[in-house]
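On a predicted model such as this, the values are computed, not experimentally measured, just so you know. So you know, we letter chains A, B, ... as the sequences are listed, proteins then strands, and number each from 1.
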Amino acid sequence: MAEPAYTVASDSETTGEEKSSSPFPEIAIGIDIGTSQCSIAFWNGSQVELMKNTRNQKMMRSYVTFKDEIPSGGVSNQLSHEHEMLSGAAIFNVKRLIGRVDTDPVVHASKSLPFLVQTLDIGVRPFIAALVNNVWRSTTPEEVLAIFLVELRAMAETQLKRPIRSAVLTIPVSFSRFQVTRIERACAMAGLHILRLMPEPTAVALLYAQQQQQTVHENMGSGSEKIALIFNMGAGYCDVAVTATAGGVSQIKALAGSAIGGEDLLQNMMHHLMPNSESLFSSHGMNEIKSMALLRVATQDAIHKLSSQNSVQINVDLGTGSKVSKMVTREEFEEVNRKIFEKCETIISQCLHDAKVDTEDLTDVILLGGCSYIPKVRDLVRGICKKEELYKGMNPLEAAVCGAALEGAVTSGISDPFGNLDLLTIQATPLGIGVRADGNNFVPIIPRNTTMPARRDLVFTTVRDNQTEALIIVYEGEGEKVEDNHLLGYFKITGIPPSPKGVPEINVCMDIDASNVLRVLVGVILPGSQHPAIPVMEVRLPTVDDGHGWCAEALHRAYGSTLALETVQKKI
Amino acid sequence: MRCSSYSYGLIIPGSDSRFFSLRTVYPFPYAKCPTRISVGSFKMKAKINDAAFVRQSTTQISFYELLGIPQTGTLPEIKQAYKQLARKYHPDVSPPDRVEEYTQRFIRVQEAYETLSDPGRRALYDRDLSKGLHLAFSARRRYQNDVDMEEKSEWKNRWQSQVSELKRRSMNKDSRGNMSWGARMRRQRDELSKEL
C-alpha cells in the first residue's frame with residue numbers, strides 16, 4: 001500500500017507539510033496525575049489553559065472514596081474535612097502502588113496509609129481495600145485511577161463541550177514499562193486514548209522550550225543553545241532532567257528519578273513523632289485508622305509550617321489514650337530526612353554526569369513540585385547546580401500539566417499562526433533495557449538516556465557445548481544484577497544447531513519505534529553460514545502481567561544457568 | 001573505496017535483495033548502485049540533502065553529508081544541523097505516510113550527531129573516512145579492530161537485512177498501528193478532508 005509512495009520521494013517537501021486545512025481536529029488534553037494532586041490543561045487555540053472544577057480549583061486531590069454505592073473521586077467530591085479522606089473509605093497515593101508487587105519497598109511504605117494495603121511478600125500484586133460500613137472492600141490501583149480519570153474526562157467534556165478521546169499523561173521518570181502498561185490499562189478503562197506518556201520533567205522541558213522561543217523571537221534553528229536542569233519533587237516521586245533547547249527543539253540529554261517524595265518526608269516525620277506508630281496501626285481497626293489520620297494531618301501541617309518558620313509546636317490527641325505533644329525545629333526535620341535529601345543530591349549529580357554537562361553550562365535551573373517549597377530542597381538544588389537564582393518563569397505545580405497540554409496540541413498536528421507550537425521534544429529512554437547474561441548480570445542493549453526512536457543490537461553466544469536452547473530474559477533498569485531491575489518478559493530460543501560453546505552467534509536486537517513500542521528480535525547464525533539457523537523471533541514487550549514478581553526466581557529454579565547467554569565481545 | 005564497504009549495504013545486482021541489502025533498500029526499494037557524492041561539494045542544506053537521500057542509500061553517504069555540513073563544521077553547526085533535521089524527520093512531526101521511513105532517517109541522523117558531537121568519536125570517524133570507510137550503525141562501538149569487523153560484518157549485514165525486512169513486513173501489515181499518534185491523526189484528517 002505504501003510501497004509506490006517511495007518512488008516519488010523527490011517531491012517529499014510538499015507531500016506532508018501542506019495540510020492543517022482540516023475542519024476540526026481533536027486536540028488532546030494534558031493530564032498530570034500526581035500522587036497527591038492532579039490537574040488538567042488544554043490548548044485553547046492560542047495558549048495553554050488550566051481547567052477548574054466546579055469548586056473553582058485548578059489542583060484537585062487524587063483520591064477516590066468508596067463511601068456510598070458509587071465511588072467518587074476528588075474531582076467532583078466535596079470533602080467536609082480533611083479527616084474524611086482519612087477515614088479508611090478513601091484510597092489515595094495510588095501512583096505509588098500501581099504496577100508494583102508486594103515485595104516492593106515502596107508498597108511496604110504504603111502500609112501505614114489509612115486504608116488497607118496487604119502484602120504476602122511473594123511477588124504478587126498487593127491487596128488493597130477501602131473500609132465501607134465496616135467492610136473491607138477490595139479494589140485495585142488501576143480501578144481507582146480509572147474512576148478518577150472518568151471524572152476528569154467528564155469535567156473536561158462539560159467545559160469544552162466536545163467529546164474527549166485522547167490525552168497526554170505525565171509519568172514519573174522511574175516508571176518501568178510494566179508500570180506504563182498499568183497506566184494504559186487504567187486509561188483504557190476510562191475510555192481515554194493515550195496519545196503520549198511523558199516523563200514529567202520532559203513535559204516541563206517542552207514548556208521551557210516554548211518560553212525560550214517566545215522570549216527570544218529567533219529564527220528557526222538559530223540562536224544559542226540553552227541548557228536547563230529541571231528538578232521536580234512531588235509527593236511520590238523525584239525526577240530530574242537535563243535538556244538542551246534551541247529553536248523550539250528540546251533535546252532531553254539525560255533523565256534520572258526515584259520513588260522518593262513528600263510522602264517519605266511525612267512518614268519519617270510521623271515515625272519521629274511517634275516511634276512505635278507502625279506497630280500501633282498495623283491492626284487497621286477503626287480507632288487505629290482514626291489515630292493514624294489525626295497524626296498524619298498534624299504532621300503534614302507541621303511540615304508545611306516548617307517551610308516558613310524555624311520551629312513548630314505539635315499537639316495532637318490521637319484519641320486512643322496516646323497524645324503527641326512536641327516542639328519540632330527545622331533542623332530536626334532536615335536531620336530526620338537526611339537520607340532523602342542526600343538521595344535527591346545523588347539523582348541530580350547522576351543526571352548532570354549522564355548529560356555530560358558541567359554546572360557552569362547550565363543556563364537555568366528549574367525547581368518544581370510540592371517539595372520545591374521546602375527550604376532544604378531549594379538549598380540543595382542551588383548548591384549542586386552552583387546557581388544563586390532559580391528560574392522564575394513557571395508555576396511549580398502547574399508546569400508539568402501545561403507541558404503535557406502543549407505536547408497534546410503539537411502531536412495532534414495543530415499549528416499555531418504565531419509559531420507557538422513549532423516545538424519538538426526529542427525524548428530519551430529513562431531506563432536501560434537489556435537481557436540477563438554472563439551469569440546473573442544485567443547487560444543493557446539500549447542504555448539509559450538513548451535517544452528515541454532507537455534500534456540497538458548486541459551479539460551473545462552459548463555457555464555450554466551443544467546448547468540447543470537459550471533463555472532470553474528481558475529487564476529494564478539500572479542495576480548491575482538482574483534482580484535489581486524490572487522484569488519485562490522472557491522467551492526461549494530453540495533449535496540452535498549443536499556446536500561447541502561460544503560458537504553460535506545469537507544476535508539480540510531491540511527496537512523502540514515511533515510509538516514507543518518495544519520489540520526484541522533474536523536471530524541465530526553459525527559462522528560461515530549464509531542464512532540464519534532458525535527463524536528469527538520477534539517479541540513485543542512487556543509480556544509479563546500482574547504478579548510477575550516471582551517469575552525470575554521460578555525461571556532460575558527451573559533452568560539455573562543451563563540455558564544462559566554470554567556476551568561475545570567486551571565493550572570498549 | 002574498498003570493496004569491503006559493499007558489505008555494508010549495497011545491492012548486489014541480480015541477487016535477492018530481500019536477503020542481502022535491506023539496509024540499503026529499506027526506505028528506497030528502487031535505489032540501485034548509488035553514486036557517492038564527493039566530499040568537497042557540501043554546503044548543502046537539509047532540503048538538498050533530501051534529494052541525495054533519494055538517489056543514495058543513507059548508509060553510503062558520510063555523516064557530514066547526512067547533516068549537510070562541511071567536514072570542518074564546528075560544534076554549533078553540527079548541533080544546529082541536527083536540530084533542523086530532527087524537526088524534519090522526527091516521527092512526531094514527519095508526514096503521516098512516511099513515518100517509518102523518516103524514523104530510520106532520524107535514527108541515522110541521531111547516530112551522525114552523536115558521533116560528530118563527541119570529539120573523540122569524531123576523530124576516529126574522520127580517520128576512517130579518510131581511509132574510505134564508513135562505519136554505519138555503531139560498528140565502531142561494537143568491534144574492536146577492523147579485521148574483526150570485516151569478518152563479522154558480512155553476517156551482521158545479512159542479519160540487519162533480515163531484521164529490516166521483518167520489520168517492514170510487520171509494519172505494512174498494520175502500518176497505522178506503528179505510526180506515531182500525531183501522524184495517524186494527520187493522516188486521518190487528510191483522508192477526511194479529501195472526502196469532503
(message) If I measure from the heavy atoms of chain B, does A/Leu424 come under 4.5 Å with its side chain, its backbone, both, or neither?
(response) side chain

(message) Classify the ring geometry of B/Tyr125 against B/Tyr64: parallel below 30°, tilted from 30° to 60°, perpendicular beyond 60°.
(response) tilted

(request) Give me the ring orientation class for B/Tyr113 and B/Tyr82: parallel if the planes are under 30° apart, tilted from 30 to 60°, perpendicular past 60°. (result) parallel

(request) Kindly write out the residues that satisfy salt bridge (Lys or Arg N to Asp or Glu O under 4.0 Å) with A/Asp354, not counting sequence neighbours, or none if the list is empty. (result) A/Arg448

(request) Could you tell me which portion of A/Asn516 (side chain, backbone, both or neither) has an atom closer than 4.5 angstrom to a non-hydrogen atom of chain B? (result) neither

(request) Could you tell me which residues satisfy side-chain contact (heavy atoms from CB on, under 4.5 Å) with A/Ala205, sequence neighbours excluded, listed by chain and number? (result) A/Ile230, A/Thr243, A/Ser250, A/Ile252

(message) At a 4.5 Å cut-off on heavy atoms, which part of A/Ala244 comes close to chain B: side chain, backbone, both, or neither?
(response) both

